[in-house]
Amino acid sequence: MATSSTITRSDAQILQDVRDELEWDARVRPSDVNVSVKDGIVTLTGWVDSYSRRWAAQEAALRVLGVKAVANDLEVHLHSAAERSDTELARSVVDTLTRDAEIPIQDVDVSVSNGWVTLSGYVDLYFQRDAAERAIRHLAGVRGVTNGLAVRQLGPAPADVKERIERALVRNAETDADRISVEVVGHTAILRGHVRSYAEKRAAEASAQSAPGIVEVDDRLTIEF
């Protein structure tokens with residue numbers, strides 16, 4: 001019986017599974033999405049009617065076993081009912097971030113150009129950076145998001161932060177800690193080794209991101225099956 005480390009999947013198999021996953025995900029209209037696969041790299045082309053659908057299509061592809069990365073070239077063509085001026089959209093983004101207690105809105109700058117939202121400024125914790133983008137992803141009128149938020153350095157990382165990250169990887173049911181090495185340089189956690197899926201890769205990143213004093217994760221993990 002083959003183990004996960006010896007499984008090989010052809011591009012044709014991955015292509016069919018990505019198509020099936022897009023069909024399965026109710027948020028996606030698969031007829032609008034073209035899929036191609038080469039060496040495990042999935043490329044999505046076509047158009048969708050919202051940024052949230054564009055993101056959902058990417059997430060669906062990344063769930064498929066064998067996918068190493070996704071090039072999301074989907075274009076967002078908003079319906080006329082979803083069109084908003086940049087001023088209206090900027091106001092909606094600020095209001096949404098203000099209502100989210102997790103995000104220090106006083107240190108976040110918002111700019112909008114032709115429906116493309118850019119976030120800049122600082123947050124205190126790594127998870128707040130991702131939370132800010134998630135909060136605005138589904139707003140009407142959004143064509144895309146550039147997340148330029150930086151994590152503020154609040155002091156030196158704890159001396160045992162490397163060991164804390166390693167213990168977190170052991171606790172996480174989605175990660176095989178024996179295949180992942182951790183190095184901490186200043187406020188940066190460097191992850192090396194091999195993982196079995198993109199989902200495991202993201203789980204390892206999340207474990208490192210949650211560590212105190214870490215403001216950047218340098219993910220050098222490779223996906224092997």
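The figures that follow rest on heavy atoms only: side chains count, while hydrogens, waters and symmetry mates do not. Just so it is clear, the structure is predicted and the values come from calculations on it, not from any experiment.
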* State, to 0.1 Å, how close A135 and L97 come at their nearest heavy-atom pair, and which atoms those are. => CB-CD2, 4.2 Å

* Asked: Taking atom CD of E174 and atom OG of S207, what is their separation to the nearest 0.5 Å?
  -> 8.5 Å

* Asked: Within a radius of less than 6.0 Å around CD of E23, do more than 12 heavy atoms belonging to other residues, nucleotides or ligands occur?
  -> no

* To do: I would like to know whether L191 and V217 meet side chain to side chain contact (heavy atoms under 4.5 Å, CB included); could you show each step before the answer?
  => CA-CA 8 Å; L191 303 180; V217 176; 4.0 Å; yes

* Looking at V161 and A211, what are the two nearest heavy atoms and their distance? -> CG2-CB, 3.7 Å

* Asked: So, does D39 use its side chain to make a donor-acceptor pair with the main chain of I41 at under 3.5 Å?
  -> no

* Starting from the C-alpha separation in whole Å, work towards a yes-or-no answer on side chain to side chain contact (heavy atoms under 4.5 Å, CB included) for V93 and R91. => CA-CA 5 Å; V93 170; R91 184 178 299 113; over 6 Å; no

* Is Q58 reaching over with its side chain to a backbone N or O of W55, donor-acceptor style, under 3.5 angstrom? -> no

* Side-chain contact, heavy-atom cut-off 4.5 Å: Y126 with V215? -> no

* **Side-chain heavy-atom pair V28, D25 within 4.5 angstrom cut-off** => yes

* Could you walk me through whether Q209 and F127 pass the side chain to side chain contact (heavy atoms under 4.5 Å, CB included) check? -> CA-CA 7 Å; Q209 290 168 1; F127 85 89; over 6 Å; no

* To do: Would you mind telling me which of K201, R192, R202 makes a salt bridge (Lys or Arg N to Asp or Glu O under 4.0 Å) with D219?
  => K201

* Heavy atoms only: give me the nearest I136-V142 pair and the separation to one decimal. => O-CG2, 3.7 Å

* To do: Taking the side chain as every heavy atom from C-beta outward, state whether L149 and Y122 have any pair of such atoms under 4.5 Å apart.
  => no

* Could you tell me whether R63 and E59 make a salt bridge, using a distance below 4.0 angstrom between a side-chain N and a carboxylate O? => no

* Asked: With a cut-off of under 6.0 Å to the ring centre and 45° to the axis, is R143 in cation-pi contact with W116?
  -> no

* Please round to the nearest 0.5 Å and tell me the distance separating atom CD1 of I223 and atom OH of Y198. => 7.5 Å

* Asked: What distance do L65 atom CG and Q13 atom CD have between them, rounded to the nearest 0.5 Å?
  -> 9.5 Å

* To do: Measure from the side-chain N and O atoms of H187 to the backbone N and O of I214, and report whether any donor-acceptor pair falls under 3.5 Å.
  => no

* Structure fact -> Heavy atoms of P212 and P158 approach each other most closely as O-CD, 3.3 Å

* To do: Evaluate the ring planes of H77 and W47, with Trp represented by its six-membered ring, and classify them as parallel (under 30°), tilted (30 to 60°) or perpendicular (over 60°).
  => parallel

* Under 3.5 Å side-chain donor-acceptor pair for Q16 and D20 -> yes

* **Validation row: D107, R152 side chains within 4.5 angstrom (heavy atoms)** => yes

* To do: Inspect the contact between R9 and D17 and indicate whether a charged nitrogen and a carboxylate oxygen are less than 4.0 angstrom apart.
  => yes

* To do: State, to 0.1 Å, how close G115 and D86 come at their nearest heavy-atom pair, and which atoms those are.
  => N-OD1, 3.0 Å

* **Heavy-atom side-chain contact between L22 and V35 under 4.5 Å** => yes

* Expected output: side-chain T96 to main-chain S92 donor-acceptor under 3.5 Å -> yes

* **Expected output: side-chain R53 to main-chain R27 donor-acceptor under 3.5 Å** => yes

* To do: Check whether any side-chain heavy atom of V195 lies under 4.5 Å from a side-chain heavy atom of D176, and answer yes or no.
  => no

* L78 backbone acceptor or donor facing D49 side chain under 3.5 Å -> no

* To do: Report the C-alpha distance between L74 and V33 in whole Å, list the side-chain angles of each, state the deciding distance to 0.1 Å, and finish with yes or no for side chain to side chain contact (heavy atoms under 4.5 Å, CB included).
  => CA-CA 7 Å; L74 288 169; V33 181; 4.1 Å; yes

* Can we say R134 and D130 salt-bridge, meaning some charged N sits less than 4.0 Å from an Asp/Glu carboxylate O? -> no

* Is the backbone of G193 close enough, under 3.5 Å, to the side chain of R179 for a donor and an acceptor to pair up by distance? -> no

* Test applied, side chain to side chain contact (heavy atoms under 4.5 Å, CB included); reference residue, V70; option that passes from L44, V37, T43 -> L44

* To do: Report the distance from atom CG of D100 to atom CD of E102, rounding to the nearest 0.5 Å.
  => 5.0 Å

* Asked: Any sub-3.5 Å donor-acceptor pair from E83's side-chain atoms to S80's backbone N or O?
  -> no

* **4.5 Å side-chain heavy-atom contact, N72 and R54** => yes

* Separation between CG of L119 and CZ of R129, rounded to the nearest 0.5 Å -> 9.0 Å

* Where do E166 and K162 land on the salt bridge (charged side-chain N to carboxylate O under 4.0 Å, His left out) test, with the steps shown first? -> CA-CA 6 Å; E166 291 171 340; K162 176 180 181 293; 2.5 Å; yes

* Supply the atom-to-atom distance T188 OG1 to D218 CG, rounded to the nearest 0.5 angstrom. => 7.5 Å

* Min side-chain heavy-atom separation V185-I190 under 4.5 Å -> yes

* Will you find, in the side chains of S50 and S52, an N or O donor that is under 3.5 Å from an N or O acceptor? -> yes

* Shortest non-hydrogen contact from G66 to I14? -> O-CD1, 3.4 Å

